[in-house]
2 protein chains.
Amino acid sequence: MLHDSPMESDSQTPRPALESNTHDIGLRIRQLREERGMSLSELARRAGVGKATLSGLENGTRNPTLETLWSVTAELGVPLAVALGTAPAAPGTTIRGTAVAAVLLEVFEEREATYELYRMTVPAGAAQTSPAHHRGVTEHITVFAGTLRVGPADRPLTAGPGEHISWVSDVPHSYEALGTQDVHATLLIRYPHR
Amino acid sequence: MLHDSPMESDSQTPRPALESNTHDIGLRIRQLREERGMSLSELARRAGVGKATLSGLENGTRNPTLETLWSVTAELGVPLAVALGTAPAAPGTTIRGTAVAAVLLEVFEEREATYELYRMTVPAGAAQTSPAHHRGVTEHITVFAGTLRVGPADRPLTAGPGEHISWVSDVPHSYEALGTQDVHATLLIRYPHR
DNA sequence: GCCCGCTGTTCCGTTTACGGAACGATCGTC
DNA sequence: GACGATCGTTCCGTAAACGGAACAGCGGGC
């Protein structure tokens with residue numbers, strides 16, 4: 001058990017090029033924002049940072065300050081470590097769009113896909129549109145209360161209590177709580193690998 | 001299982017005052033640096049940042065850039081998340097002082113104390129001095145190879161292969177590999193709580 | 001004693017991240 | 001088609017984070 005080389009292999013954290021990492025962080029933030037159906041302008045306004053700042057951050061052309069990152073990640077509702085890519089999204093995380101609020105309950109890592117299970121609520125009358133996910137991503141919703149109109153933006157479906165809807169979400173899609181009742185549902189998202 | 005309140009409690013990450021957190025990050029970085037027996041000037045030079053920058057960072061009077069944090073944490077050999085306090089030091093972490101290199105093997109969290117177990121090597125002839133730890137911290141070293149002179153800076157002890165040394169490390173203490181052999185040893189540090 | 005090397009902090013000029021405003025592009029509405 | 005609203009990007013003046021230099025304090029050597 002003591003047979004490591006006398007010259008300790010230099011196991012310092014490899015110092016990655018700054019550009020590479022700000023680039024990745026930008027992509028991650030952009031994805032988190034789009035998952036919530038938020039526009040760049042809206043996130044910038046709600047987080048209290050300039051649009052120029054957020055644009056540069058998402059495109060990886062800036063070297064952001066901790067304060068900036070805190071403001072943005074707080075508004076996205078994720079720990080800073082998630083934006084940095086040093087921690088996976090943890091169960092218990094709440095994501096908030098303009099209309100949808102969803103609590104991540106479980107993450108299943110399978111060989112060909114990752115599944116995320118959410119408890120989702122949409123306040124009565126609220127609606128939001130989310131941009132397309134990556135190719136092959138599917139969403140599966142089971143409604144418990146209220147009436148939800150959901151699916152591809154140009155061809156949404158409607159589901160009441162007890163009903164279930166699935167669709168491929170690699171196109172822009174919308175969520176809307178019809179009627180006067182808040183919608184409660186579970187949302188399962190399947191992300192195929194590659 | 002569905003009995004949560006309709007008005008979702010706002011579980012956004014609480015937005016802490018910037019001052020508070022930069023302050024904590026500063027303390028954490030200072031501690032990591034001192035654990036490695038490195039001076040502020042030395043860490044600044046090796047990390048390629050200004051002394052003013054590092055001083056301000058450790059004192060929490062700046063709002064550091066990601067680039068700065070990356071440079072410093074890379075030199076300390078810890079992931080950025082550790083400096084941010086979002087991740088505990090993980091086994092496998094290598095810490096490097098001017099003379100001592102230590103790989104964290106295990107962390108034991110007990111009710112009254114935390115224990116960290118390291119595999120430690122000191123190149124023949126190398127020496128370093130580390131500042132005092134917090135009150136009550138003790139170090140326990142078992143030497144496997146080489147001869148180690150270690151302990152309070154004013155009253156060090158010497159241990160050869162198979163020998164063991166313990167001392168209270170809340171005073172400045174030094175490590176030195178005597179003779180021509182690299183020193184290999186295990187190091188157990190006990191941090192009492194409060 | 002003096003001096004040298006080092007510590008960590010403070011001062012200061014330069015660089016750059018910041019937010020506001022202006023920009024062209026892309027929608028929906030009339 | 002003209003218009004308004006909103007999208008994300010770019011321009012630009014300001015504020016501040018940056019690195020270098022100067023600083024006082026401290027310990028060791030001769």
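This structure is a prediction, so every number in the text was calculated from the model and none was measured. To find a chain, count down the sequence lines: A is the first, B the second, and so on, and within it residues start at 1.
When the C1' atom of D:dA16 is taken as reference, atom CG of B:Leu57 falls 15 Å away, rounded to whole Å. Atoms CD1 (A:Ile29) and P (D:dG8) sit 15 Å apart, rounded to a whole Å. In this structure, the CD atom of A:Glu42 is 12 Å from the C1' atom of D:dC7, given to the nearest Å. Remark: C1' of C:dG5 and NZ of B:Lys51 are 11 Å apart, rounded to the nearest angstrom. Between the CG atom of B:Leu54 and the P atom of C:dG8 there is a distance of 9 Å, given to the nearest Å. Taking atom CZ of B:Arg30 as the reference point, atom P of C:dT7 lies 14 Å away to the nearest angstrom. Between A:Leu40 atom CG and C:dG20 atom P there is a gap of 14 Å when expressed in whole angstrom units. If you take CG of B:Asn59 and P of C:dG8, they are 11 Å apart, rounded to a whole angstrom.
A donor-acceptor pair is defined here as one N or O able to donate and one able to accept, closer than 3.5 Å; no such pair exists between the side chain of A:Arg119 and the backbone of A:Val103.
Residue A:Ala52 places its side chain closer to C:dG20 than to any other of C:dA22, C:dG8, C:dG20.
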Please list, for nucleotides 14-18 of chain C, all pairs of protein and nucleotide N/O atoms separated by less than 3.5 Å.
residue	atom	partner	partner atom	Å
C:dC18	OP1	A:Thr65	N	3.2
C:dC18	OP1	A:Thr68	OG1	2.4

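An OP1 or OP2 oxygen of D:dT6 is reached within less than 4.0 angstrom by no side-chain nitrogen or oxygen of A:Ser39. Remark: A:Arg45 is not in phosphate contact with D:dC7, judged by side-chain N or O atoms under 4.0 Å from OP1 or OP2. Taking only side-chain nitrogens and oxygens, B:Ser55 comes nearer than 4.0 Å to OP1 or OP2 of C:dT9.
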Distance-only criterion, 3.5 Å: show the donor-acceptor pairs between side-chain atoms of residues 53-60 of chain B and protein atoms not counting sequence neighbours.
residue	atom	partner	partner atom	Å
B:Glu58	OE1	B:Arg30	NE	2.6
B:Glu58	OE1	B:Arg30	NH2	2.9
B:Glu58	OE1	B:Arg33	NH2	3.0
B:Glu58	OE2	B:Arg33	NE	2.7
B:Asn59	ND2	B:Ser55	O	2.9

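In this structure, the side chains of B:Asn21 and A:Trp70 come closer than 4.5 Å at one or more pairs of heavy atoms. The shortest side-chain heavy-atom distance between B:Thr73 and B:Val82 does not fall under the 4.5 Å cut-off. Between A:Tyr175 and A:Ile141, the closest side-chain pair of non-hydrogen atoms falls below 4.5 Å. At least one side-chain heavy atom of B:Leu66 sits less than 4.5 Å from a side-chain heavy atom of A:Ile25.
With sequence neighbours excluded, the residues satisfying side-chain contact (heavy atoms from CB on, under 4.5 Å) with B:Ala145 are B:Gln181, B:His184.
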